[in-house]
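Down below is the structure, laid out as structure tokens.
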Amino acid sequence: MSEWLEDVIDRLAALRSPTLLSHMPDTQSHAALAAIVNIASDAIIALDDNFRIVRFNRGAENIFGWTEAEMKGQPLDRLLPMASRAVHRGHVRTFAEGSVDARAMADRRQIAGLRKNGEQFPAEASIARVTMHGERTFMVTLRDVSERRRVEERQKLLATAGWVLAASLDVESTMATIAELPVPLLGEWSLLELLTPDGAIRRAAASHVDPQRHDDTTALVMRTAEPLPLEPRAMSGARVAHEMEAQRITDIAAWLQDNFPDAASRARAEALGASTVLLVPLRAGGRAIGALHLVRTRPGASHAIEELHVADQFAGLAALALENARLYQESRRAVRERDEMLAIVSHDLRNPVNAIVMLTGAVLGREATPEDEADAPLMARDTVESIRAAARQADGLIQDLQDVTRISAGRLRVERRSINLAALLKESADVFEPVMANASLQFVRDFASEYPALLADKQRVQQVLSNLLGNAARFTPAAGEIRIGAALEEGAVRIVVSDSGPGVAPEDVPRLFERYWQAPRLLRAGSGLGLYIAKGIVEAHGGEIGVHSETGKGARFWFTLPVA
């Protein structure tokens, strides 16, 4: 044992507590104090007058990773990060020349320590000056507060997440916040995946501790609602979304293969790095919402059991925030749909109702004359026909609004029966033949006399055809051509209505089948419900509907129905 430490222990022994060491002989108390110094979990470091290390106890060896033999004679600076060495050196010299002999533990300064492996850690330190035999010795006591800091940061994360996530009801903002908050505490980068209504999964948000890697993580996010091209259960994120607890993943190759099926995104994820992944399910109200990937990149890094508990608690807050944002959006959408429906009713229903009011008013207010009596039967019939047409128009709009409500709620029912497709096409064509003739349009029937029986709701299929043929007649100029046809496919039949009209602009095609939507250039040509209802009817049969069109070259609307 070095001479300075023997002297220090002698002094401590002289001040020994009467209850702790007074019953021991001097040699025993001396040995007891030496043992306490050596086994203390805190680092106890002694410095000479030049601030070089002369004593490095076992606690210091455990904290810093250096042995006493390696550190003897080394400057204290070696235990500090490069950026803080000059400042800390100045503080130590100021203390050495000051009048205070010790800085009490309660007045510890918080500093950063540097381990042998290059890792920095937060620490609290105190220092004392001891003069013995005319020589000054400085004793430093240092405590590693990494774990305490981590506990505080975990508590701070959960507290911050509570109010930050509750502050926004915007889905996009909430997703970005969920990806950002746990970085870097629970990982150097993160990836949020959300389940789609059909059970598939898509990458919704990502974040990285390094701002310069922002573009790399952003490239992983899917900007559309299209799901990943794999079966949901083949993806670890989708599997974990249905679990109850977080999972630690160390097989990075399998994780990359599972969650990044396309080569481009897998290469990006691999470039970001990963040594271990904490995969956390997001659930709200017993319903799976998605999963959060928390990725550590440092070699050998892992997630402690306490971090799993924090991640689970954070996931609960995140899932609740996403659910609240979703419900808020749905309520806003419901209000918007109500307002749109009221606008449709007030605009389109007013015309036939006004016609009925006007016609009935004319009948009631007409004064009979001898000439009228002769023409009364004809006039009465024309008036009644006009009233009937207006009433049918109003009834058709009401029926459309009811269908929209059923489709939106997923309650549209179709009565599937075996039907004769050729007869159905002929019947629909016969109904529209006079309409085409009055509009000076060439109407071509391009279907066979026999087809395999369809399993469908006849009235609903006629409703789809009526909508497509009506639109074609409305937008095709005189002398144009409209064609109705059908062709067999594997297990289905494809029915086509094409025209030689102005066609559909490419930017309008994706929105054609949306509720209430109409191309701006068409002004108001109807309620905007027809194609939406047609799509709902076709999908209720298990078929598909679409359009092929080029501006100025007409449009070709098609839909498929399964054969019986």
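- The two residues V538 and T560 come nearest to each other via the heavy atoms CG1-O, 3.7 Å.
- Atom CG of residue L454 and atom CG of residue L421 lie 4.5 Å apart, to the nearest 0.5 angstrom.
- Distance check, rounded to the nearest 0.5 Å: CD of E323 to OG1 of T174 gives 12.0 Å.
- Between F557 and F513, the ring planes lie perpendicular to each other; the angle is over 60°, past the 30° to 60° tilted range.
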Could you go through the side chain to side chain contact (heavy atoms under 4.5 Å, CB included) check for V183 and H208 one step at a time?
CA-CA 7 Å; V183 174; H208 198 285; over 6 Å; no
Test side chain to side chain contact (heavy atoms under 4.5 Å, CB included) applied to R445 and D430, step by step:
CA-CA 10 Å; R445 307 184 187 204; D430 289 344; 2.8 Å; yes
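- Across all their heavy atoms, A246 and D312 have their closest contact at N-OD1, 3.2 Å.
- The nearest pair of heavy atoms linking S428 to Q462 is OG-CG, 3.9 Å.
- F432 is not listed as a side-chain neighbour of I484, based on a closest heavy-atom distance of 4.5 Å or more.
- Considering only residues two or more places apart in sequence or on other chains, A492 meets the side chain to side chain contact (heavy atoms under 4.5 Å, CB included) condition with none of them.
- Each of V277, L220, L192 was checked for a side-chain contact (heavy atoms from CB on, under 4.5 Å) with H293, and the lone residue meeting it is V277.
- Applying the side-chain hydrogen bond (donor to acceptor under 3.5 Å, both in side chains) rule to N438 yields no partners; only residues at least two apart in sequence or on another chain are considered.
- Atom CG in L278 sits 11.5 Å away from atom OG in S190 (nearest 0.5 Å).
- The nearest pair of heavy atoms linking A325 to L169 is CB-O, 3.6 Å.
- The 12-atom threshold is not exceeded at CD of E450, counting heavy atoms of other residues, nucleotides or ligands nearer than 6.0 Å.
- In E306, the CD atom is crowded: over 12 heavy atoms of neighbouring residues, nucleotides or ligands sit closer than 6.0 Å.
- Within the 4.5 Å cutoff, side-chain heavy atoms of L465 are placed close to those of L424.
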Side chain to side chain contact (heavy atoms under 4.5 Å, CB included) between R326 and I289, worked out:
CA-CA 11 Å; R326 181 187 67 82; I289 293 178; over 6 Å; no
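- In this structure, P452 and L488 have side chains that are in contact, with non-hydrogen atoms separated by less than 4.5 Å.
- Counting heavy atoms from C-beta outward, T476 and S500 have side chains that approach closer than 4.5 Å.
- In this structure, the side chain of Y451 engages the main chain of A486 through a donor-acceptor pair within 3.5 Å.
- Under the 4.5 Å side-chain criterion, counting only non-hydrogen atoms from C-beta, L469 is in contact with F443.
- Within the model, atoms CG of L322 and CG of L317 stand 11.5 Å from one another, a figure rounded to the nearest 0.5 Å.
- For the pair V435 and A473, the tightest heavy-atom approach, listed with the atom from each and the gap, is CG1-CB, 4.2 Å.
- A donor-acceptor pair is defined here as one N or O able to donate and one able to accept, closer than 3.5 Å; no such pair exists between the side chain of T160 and the backbone of L157.
- Side-chain atoms of V280 and L186, non-hydrogen and from C-beta on, never get closer than 4.5 Å to each other.
- Contact of the L455 side chain with the P562 side chain is not registered, since no non-hydrogen atoms from C-beta on lie closer than 4.5 Å.
- Between W255 and F260, the ring planes lie perpendicular to each other; the angle is over 60°, past the 30° to 60° tilted range.
- A salt bridge between R248 and E307 is absent, with no side-chain N of the basic residue lying under 4.0 Å from a carboxylate O of the acidic one.
- Residues L191 and A206 approach most closely at CD1-CB, 4.0 Å, considering heavy atoms.
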Identify all side-chain donor-acceptor contacts of residues 267-275 below 3.5 Å with residues at least two apart in sequence or on another chain.
from : atom 1 : to   : atom 2 : distance (Å)
S275 : OG     : R296 : O      : 3.0
S275 : OG     : R298 : O      : 2.8

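- Of the residues listed (I178, L294, L185, L282), the one engaging F314 in a side-chain contact (heavy atoms from CB on, under 4.5 Å) is I178, and it is the only one.
- Although no hydrogens or angles enter the test, the distance criterion places no donor-acceptor pair under 3.5 Å between the side chain of R460 and the main chain of I537.
- The distance from the CG atom of D258 to the CZ atom of R266 is 10.5 Å, given to the nearest 0.5 Å.
- A heavy-atom distance below 4.5 Å is not found between the side chains of D446 and S498.
- Atom CD of Q329 is surrounded by more than 12 heavy atoms from other residues, nucleotides or ligands within 6.0 Å.
- The local environment of CD in E489 is crowded, with over 12 non-hydrogen atoms from other residues, nucleotides or ligands closer than 6.0 Å.
- Interatomic distance, CD1 of I252 versus OG1 of T276, reported as 6.0 Å (0.5 Å rounding).
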